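What follows is a set of notes on a single structure, which appears directly below.
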Amino acid sequence: MVVEMGSDQNKEELQEKSKMFDVIVVGAGAAGVGVAIALAHAGVGNFIIIDRETVGSSFASWPDETRFITPSFPTNSIGMLDLNSIAVGVSPAYNMRVEHPTGREYAEHLQDLVNFFELPVEEKSEVKQIVNKDGVFSVETEDWTISSKHVIWAAGEFLYPQMGGFPGSQLCRHTATLANYADLKGDDFLIIGGYESGVDAAYHLAKRGKRAKIFDKEDPWGEDSSDPSTSLSTFTYERMREGSFEENVELFSEKPVVSIEIVDDTYELKTEGGQVFKSNTQPLLASGFVGSQTLVSHLFEEREDGFPL
């Protein structure tokens, strides 16, 4: 159930009905929709989800070819759910019969859940500011303000790519800004970042017969760990063993990139060891995401490294 806010009357009705919500959820992605379902199951009725775009918009903005690295599947007789499930009894494996959904498919899955559980969602409402006064949060958008004693921040990371890190990084294109890999012109790509996004980019380029070099300051391909934040997924390792990948992709581990510049219409990438790699194609940045937590970090205590506690 998407709450339509297109008219002044609807805006007034929202403010009159619930100037004070029990809970305000910011973000209508997997985290926001999942926690909203949990709130509904717990009997919390007076809550609302706010998103600056639409339900699942961060997933819908993935490159067309990109798929989930975690599989969706009916697992066992005791009902244990897969990693792509955000609520008990639901999974892309059940309602879409898809094991590795695309971002757009998963966005549709989230919208289906919103409709099925009749979740109140306010789309196209960008939060401009959150203020905490005497234990009450005021969540302000461009057009209206609502309040609650409880705000859940679920705005995610994908729409906030990490663009810095070294001189010349602004000359690159972040993989999060790509609509699809088929549209990329050129035959020889330099990719900075060797985790899931970087390997995914190289994989889809290699399938089209294009060459790619991946640079990473660490050794993600040799990491032996069960921690998914440091080790590549099994799905990714399987794709790396395909013939097109092995033939067209070169991996450069422990090769920190120190700079990129344009010399005579050619991109020159320099590593910490002084090696220089050249390409006529704009390099791709797969260096991760800043994350949206920086927008509300003032509301949290900080760790020693400045990250919200």
Side-chain angles (χ1 to χ4, degrees), residues 1-59 81 85-90 107 109-160 289-309:
M1 180 177 66
V2 177
V3 179
E4 296 290 347
M5 293 289 291
S7 69
D8 292 337
Q9 180 182 354
N10 286 333
K11 296 174 185 177
E12 291 172 3
E13 287 176 356
L14 176 62
Q15 290 184 314
E16 288 175 5
K17 179 181 178 182
S18 299
K19 290 183 179 179
M20 176 69 75
F21 286 89
D22 291 332
V23 183
I24 298 171
V25 181
V26 181
V33 173
V35 76
I37 294 172
L39 289 171
H41 284 170
V44 179
N46 186 29
F47 68 88
I48 191 168
I49 312 170
I50 303 172
D51 197 279
R52 72 175 189 175
E53 292 296 336
T54 57
V55 173
S57 58
S58 61
F59 294 100
L81 296 175
S85 173
I86 61 170
V88 175
V90 299
H109 172 64
L110 293 178
Q111 184 63 67
D112 288 342
L113 295 181
V114 167
N115 296 338
F116 180 80
F117 289 102
E118 298 184 339
L119 302 178
V121 180
E122 169 53 35
E123 298 182 321
K124 298 293 183 180
S125 296
E126 184 171 2
V127 173
K128 297 296 184 182
Q129 182 177 228
I130 299 180
V131 178
N132 185 347
K133 184 177 181 181
D134 299 327
V136 176
F137 294 96
S138 294
V139 179
E140 303 174 9
T141 71
E142 192 171 288
D143 299 314
W144 41 269
T145 299
I146 53 178
S147 301
S148 177
K149 290 185 178 180
H150 306 284
V151 174
I152 297 174
W153 187 260
E157 294 190 349
F158 187 77
L159 298 179
Y160 305 87
F289 307 90
V290 176
S292 64
Q293 74 280 346
T294 57
L295 303 176
V296 289
S297 58
H298 64 285
L299 298 172
F300 293 82
E301 297 179 26
E302 291 186 353
R303 304 188 311 200
E304 292 183 0
D305 61 1
F307 198 85
L309 183 61

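Here the structure is a predicted model, which is why all the values come from computation and not from measurement.
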[atom1] of [X] to [atom2] of [Y]: how many Å apart, nearest 0.5 Å?
X	Y	atom1	atom2	value
Asn46	Leu39	CG	CG	11.0 Å
Glu140	Ile130	CD	CD1	9.5 Å
Glu118	Phe116	CD	CZ	9.5 Å
Ser147	Ile24	OG	CD1	6.5 Å
Asp143	Lys128	CG	NZ	9.5 Å

Heavy atoms, side chains only, cut-off 4.5 Å: are [X] and [Y] in contact?
X	Y	answer
His41	Phe117	yes
Ile86	Leu110	yes
Val33	Leu119	yes
Arg52	Leu159	yes
Val151	Phe137	yes
Leu295	Tyr160	yes
Glu53	Lys124	yes
Ile152	Val23	yes

Proximity of Phe21 and His150 rings by center, below 6.0 Å: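 They do not qualify: ring centres at least 6.0 Å apart.
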CA sep, side-chain torsions, deciding dist, call: Ile146, Ile48, side-chain contact (heavy atoms from CB on, under 4.5 Å): CA-CA 10 Å; Ile146 53 178; Ile48 191 168; 3.9 Å; yes
Using a 3.5 Å distance criterion without hydrogens, assess whether the side chain of [X] forms a donor-acceptor pair with backbone atoms of [Y].
X	Y	value
Thr141	Trp144	yes
Ser292	Gly156	yes
Ser125	Ile50	no
Asn132	Lys149	no
Ser58	Gly56	no

For residues [X] and [Y], report the shortest heavy-atom separation together with the two atoms involved.
X	Y	answer
Ala154	Val25	CB-CG1, 4.5 Å
Ala36	Ile49	CB-CD1, 3.4 Å
Val55	Glu123	N-OE2, 3.0 Å
Thr145	Ser138	CG2-CB, 4.1 Å
Asp51	Ser57	OD1-OG, 3.8 Å

Parallel, tilted or perpendicular, as decided by the 30° and 60° cut-offs, for the rings of Phe158 and Phe289: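 Geometry flag for Phe158 against Phe289: tilted rings.
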Exceeds 12 heavy-atom contacts within 6.0 angstrom, atom CG of Asp134: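 Counting neighbours around CG of Asp134, 12 or fewer heavy atoms of other residues, nucleotides or ligands fall under 6.0 Å, so no.
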